[in-house]
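Below is one structure, written out as structure tokens, with a few remarks after it.
All figures in this text were calculated on a predicted structure; none of them were measured in a lab. The residues of the chain are indexed from 1 along the displayed sequence.
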Amino acid sequence: MTDPKQEQRDAARAADPAAGPLTTDQGVTLDHTDDSLTAGERGPTLMEDFHFREKLTRFDHERIPERVVHARGAGAYGWFEPYASCAEFTRAGFLQDPSVRTPVFVRFSTVQGPRGSADTVRDVRGFATKFYTQEGNYDLVGNNFPVFFIQDGIKFPDFVHAVKPEPDTDIPTGASAHDTLWDFVSLQPETLHAIMWLMSDRAIPRSYRMMQGFGVHTFRFVAADGHGTFVKFHWTPTLGAHSLVWDEAQECQGRDPDFNRRDLWDAIAAGACPEWELGVQLVPEEDEFAFDFDLLDATKVIPEEQVPVRPIGRMVLDRNPDNFFAETEQVAFHTANVVPGIDFTNDPLLQARNFSYLDTQLIRLGGPNFAQIPVNRPVAPVRTNQRDGYHQGALHTGTNYSPNSLGGGCPALAGPEAEQAYTHHAERVDGARIRRRSPSFEDHYSQPALFWNSMADWEKEHIVQAFRFELGKVGTQEVRARTVDQLSHVDRSLAIDVARGVGVPEPPDRTAPNRGGPTSPALSLEALRGDGSVRTRQIAVLVSDGVDHAEVESVRDEMASKGAAVEVIAPADGTVTGSDGERLSVDRALPTVASVLYDAVLVPGGPVGTPGLATDPDVVRFVRDAYRHGKPIAALGSGVGVLSRVVPDEIRTSTQSGTAVSDQGVVTDATPGVAQAEFLRAFVDAVAAHRHHGRPRVQA
């Protein structure tokens, strides 16, 4: 299938504006651009210098207002294809033919911080997908959490104001650990479910490529016969859903603040194209009230044990943008950009988003013609009576009203029976004008308890640590105590553990109905390990002069054959001399990297030991941090000795001979020489598991 976006890009390159003399925006050729036009060599600048004024004016206006939320983002192009026709529940054209690939653009983002903030902050991540379908653009604008913090969009300004930096100090940047956010949370129990997700490791993803996405709201599919079906959207990465741990997330902010966006760009550039499966939870309209929560409540999930996720297609991202500003920064998503076969529900948060997004784009992108920006331009024909306005690029002719006869009646309306026309789902709506939340939205504690009960022990430990960190940054004791009291409605043990860490009294027991309550294993990261591969995992190999060259190459070849990326790290850039006299190229110098930037570490050996490694404090710290963060650790030959300074005795494996594998992800083989097949298999398995939580504490 021809990619219309590729054709546009090729045409733009064919008309390369740099292939000729410098001109003004009006095409006037210039012979000088280094000095302003002045009255004499030292005189004042003249107003008639149109080039000076144009150049400075354009520079002054290079920045458009950044997004109020989701300001920091990264994007990529790709395609989507359905597995089979979905005609039984939707007429949407892009979900019908498995042989048709629909072009997409996806933007990932953080929510709270400005464009200049770091990638690895604790935050919700945006996951917005623009489908360039033959029926028009469809935007699935979601997050990496399936729930949101509020139920009604009228509270959105309050929530965002609360989570943004403190109004007097403008601190903190890109973080939720401050008084105003937790004051809001402690007074709005509807926030608790999303807050539980925020305090979990889901809020610090290892990679955009290893992150789930959700449509958040309950939408409606509409079939060709007009029959409606409620639908929830799920994106699941084939690599599995994996996260950082908080300690390394914080260090990443200093070592590489662009950690996630760099990872996405590098993977696509290397041909390791990230992939997600699109799944849906489908609820027949007659079952709308079959649950103990309201389907229109965006703070609730439908447990997968009640309604399984049905896979319907896959998406692959295979091309990086050509220009960050033109594409990633100017892409405009809107929840109301739908195509025939997809419709809304009365979810009050969704209804507000359907207003707010368009209003936002009008001010950010300078007027109503932002759909003409290439990244926003539909591949479907556009025929409207809209005219003029800021940044109008279309050359309209003929009439601009409807109905008309002078223009031949064009553009004509599609007939009421036309298959391609969008028709809203017919639903009876009546009621008094009121400002009142439905009683069906009132349960704010059952689903946070469901989330907590579904976590693995290590996930619960991380959640407690996150609450202690966040509330520990809150200066107002009353806010700390009120938040802990809210947590007591979720789980008493959680509330007590948090209270002890932040210095407030233990709350009364409020949660007997929730303790030991229902669970949903699908909510735990334990259930989302992916396809079991090591594709795109980053492996650090620590070397110095005297290293066994054959050991390094045997591991590198095996890992590369399975799609992992191996980097050789030494105390200095350049090369090291192997034990066989061969020079081994160094990929990165140890002072420029850290364990937090890698998924696993290997320490090879050498006939003369590991000179420079066993006593190098940077090496010891590198391995110790990898161990503390639950990452796979491997050692070969005399490299096993390096682990003795880091790995606790109770799980450190034998250093005599043969492969030894700990159930805590430590793999060793003290036998000198090429890595054996048993060792390689064990190391691959350890890396595929991603993390090994619950290790004994590292020795000092």
Legend entry - Nearest non-hydrogen partners of Ala272 and Thr536, listed with the distance: CB-CG2, 3.5 Å
Inset, instruction - List the steps and the verdict of salt bridge (charged side-chain N to carboxylate O under 4.0 Å, His left out) for Arg364 and Glu329. - result: CA-CA 10 Å; Arg364 280 200 71 245; Glu329 186 62 18; 3.0 Å; yes
Inset, instruction - Kindly say whether Glu327 contributes a backbone atom to a donor-acceptor pair with the side chain of Gln330 at under 3.5 angstrom? - result: no
Legend entry - Working for side chain to side chain donor-acceptor pair (under 3.5 Å), residues Tyr83 and Glu277: CA-CA 10 Å; Tyr83 292 146; Glu277 184 170 70; 2.7 Å; yes
Inset, instruction - Verify, without hydrogens or angle tests, whether Trp235 (side chain) and Met211 (backbone) share a donor-acceptor contact under 3.5 angstrom. - result: no
Inset, instruction - Starting from the C-alpha separation in whole Å, work towards a yes-or-no answer on side chain to side chain donor-acceptor pair (under 3.5 Å) for Gln392 and Arg387. - result: CA-CA 8 Å; Gln392 178 60 259; Arg387 293 293 187 270; over 6 Å; no
Legend entry - Whether Asn137 side chain and Asn376 backbone form a donor-acceptor pair below 3.5 Å: yes
Legend entry - No-hydrogen, no-angle side-chain donor-acceptor test under 3.5 Å, Asp347 and His217: yes
Inset, instruction - Look only at the side chain of Asn320 and the backbone of Ile268, and say whether a donor-acceptor pair between them is shorter than 3.5 Å. - result: no
Legend entry - Side chain Thr218, main chain Leu295, donor-acceptor under 3.5 Å: yes
Legend entry - SB check Arg206 Asp263 (cutoff 4.0 Å): yes
Inset, instruction - Evaluate the salt bridge (charged side-chain N to carboxylate O under 4.0 Å, His left out) criterion for residues Arg314 and Glu275: first the C-alpha distance (whole Å), next the side-chain angles of each, then the deciding distance (0.1 Å), finally the verdict. - result: CA-CA 7 Å; Arg314 70 180 184 126; Glu275 180 177 334; 3.3 Å; yes
Inset, instruction - Please round to the nearest 0.5 Å and tell me the distance separating atom OG1 of Thr191 and atom CZ of Phe148. - result: 11.0 Å
Inset, instruction - Kindly check if the number of other-residue, nucleotide or ligand heavy atoms within 6.0 Å of CZ (Phe355) is above 12? - result: no
Legend entry - Flag if over 12 foreign heavy atoms under 6.0 Å of NE2, His227: yes
Inset, instruction - Measure from the side-chain N and O atoms of Gln96 to the backbone N and O of Ala92, and report whether any donor-acceptor pair falls under 3.5 Å. - result: yes
Legend entry - Phe441 side chain reached by Pro348 side chain, heavy atoms, under 4.5 Å: yes
Inset, instruction - Check the surroundings of atom OH in Tyr390: do more than 12 heavy atoms from other residues, nucleotides or ligands lie under 6.0 Å from it? - result: no
Inset, instruction - Keeping the roles fixed (side chain from Asp139, backbone from Lys130), state whether a donor-acceptor pair exists under 3.5 Å. - result: no
Inset, instruction - Look only at the side chain of Arg122 and the backbone of Ser200, and say whether a donor-acceptor pair between them is shorter than 3.5 Å. - result: yes
Inset, instruction - For the residue pair Gln281 and Gln306, confirm or rule out a side-chain donor-acceptor distance under 3.5 Å. - result: no
Legend entry - pair Phe214-Phe233: side-chain heavy atoms closer than 4.5 Å: no
Inset, instruction - Using ring pair (Phe, Tyr, Trp, His ring centres under 6.0 Å) as the criterion, point out the one residue from Phe80, Tyr132, Tyr77, Phe131 that pairs with Phe105. - result: Tyr77
Inset, instruction - Would you check if Phe221 and Val280 make a side-chain contact, meaning some heavy-atom pair closer than 4.5 Å? - result: yes
Legend entry - Over 12 foreign heavy atoms within 6.0 Å of CD1, Ile64: yes
Inset, instruction - Ignoring hydrogens and angles, tell me if any N or O in the side chain of Asp119 forms a donor-acceptor pair with the backbone of Arg261 under 3.5 Å. - result: yes
Legend entry - Gln361 and His334 side chains, donor-acceptor separation under 3.5 Å: no
Inset, instruction - Give the C-alpha distance, both sets of side-chain angles, the deciding distance and a yes or no for ring pair (Phe, Tyr, Trp, His ring centres under 6.0 Å) between Tyr357 and Phe333. - result: CA-CA 7 Å; Tyr357 278 57; Phe333 294 97; 8.8 Å; no
Inset, instruction - Would you indicate whether the side-chain heavy atoms of Ser85 and Asp97 approach each other to under 4.5 Å? - result: no
Legend entry - Inter-residue atom distance Leu244.CG - Ile204.CD1, 0.5 Å rounding: 5.5 Å
Inset, instruction - Kindly indicate whether a cation-pi arrangement holds for Arg101 with Trp79, taking the cut-offs as under 6.0 Å to the six-membered ring centre and within 45° of the axis. - result: yes
Legend entry - Gln212 versus Asn144, side-chain donor and acceptor atoms under 3.5 Å: no
Legend entry - Heavy-atom pair with the smallest gap, counting every atom of Leu317 and Val106: CD2-CG2, 3.7 Å
Inset, instruction - Over all heavy atoms of both residues, which pair between Ser520 and Ser454 is shortest? Give the atoms and the distance, please. - result: N-OG, 2.7 Å
Legend entry - Side-chain touch Arg220/Thr229, heavy atoms, less than 4.5 angstrom: no
Legend entry - Full working for ring pair (Phe, Tyr, Trp, His ring centres under 6.0 Å) between Phe219 and Phe230: CA-CA 6 Å; Phe219 290 87; Phe230 294 111; over 10 Å; no
Inset, instruction - Evaluate the side chain to side chain donor-acceptor pair (under 3.5 Å) criterion for residues Ser446 and Asp443: first the C-alpha distance (whole Å), next the side-chain angles of each, then the deciding distance (0.1 Å), finally the verdict. - result: CA-CA 7 Å; Ser446 294; Asp443 180 4; 2.6 Å; yes
Inset, instruction - Taking the six-membered ring for Trp and the full ring for Phe, Tyr or His, determine whether the centres of Phe108 and Phe127 are under 6.0 Å apart. - result: yes
Inset, instruction - Would you please indicate if the ring centroids of Phe159 and His161 are separated by under 6.0 Å? - result: no
Legend entry - Donor-acceptor pair, side chain of Glu304 and main chain of Ala522, under 3.5 angstrom: no
Inset, instruction - Give a yes-or-no answer on whether the side chains of Ser176 and Gln112 include a donor-acceptor pair shorter than 3.5 Å. - result: no
Inset, instruction - Starting from the C-alpha separation in whole Å, work towards a yes-or-no answer on side chain to side chain contact (heavy atoms under 4.5 Å, CB included) for Val147 and Val301. - result: CA-CA 7 Å; Val147 292; Val301 298; 3.5 Å; yes
Inset, instruction - Would you kindly say whether Glu285 and His425 are connected by a side-chain donor-acceptor distance under 3.5 Å? - result: yes
Legend entry - Close side-chain approach of Tyr208 to Ser109, heavy-atom, < 4.5 Å: no
Inset, instruction - Count the heavy atoms belonging to other residues, nucleotides or ligands that lie under 6.0 Å from CZ of Phe289, then report whether that count exceeds 12. - result: no
Legend entry - Within-4.5 Å side-chain heavy-atom neighbours: Arg537 and His242: yes
Inset, instruction - For Leu365 and Ala332, work out which heavy atoms get closest and say how close. - result: CD1-CB, 3.8 Å
Inset, instruction - Working to the nearest 0.5 Å, report the span between CG of Leu296 and CD of Gln351. - result: 9.5 Å
Legend entry - Which atom of Pro205 lies closest to which atom of Ala203, heavy atoms considered: CD-C, 3.5 Å
Inset, instruction - Could you grab the distance from atom CG of Asp292 to atom OG of Ser440, nearest 0.5 Å is fine? - result: 11.5 Å
Legend entry - Non-hydrogen side-chain atoms of Lys300 and Asp294 separated by less than 4.5 Å: no
Inset, instruction - Start with the C-alpha distance between Asp531 and Thr238, add both sets of side-chain angles, then the distance that settles side chain to side chain donor-acceptor pair (under 3.5 Å), and finish with yes or no. - result: CA-CA 6 Å; Asp531 59 9; Thr238 58; 4.7 Å; no
Inset, instruction - Verify whether one side chain among Thr335 and Asn354 offers a donor that lies under 3.5 Å from an acceptor in the other. - result: yes
Inset, instruction - Give the minimum heavy-atom separation between Val160 and Val69, together with the two atoms involved. - result: CG1-CG1, 3.7 Å
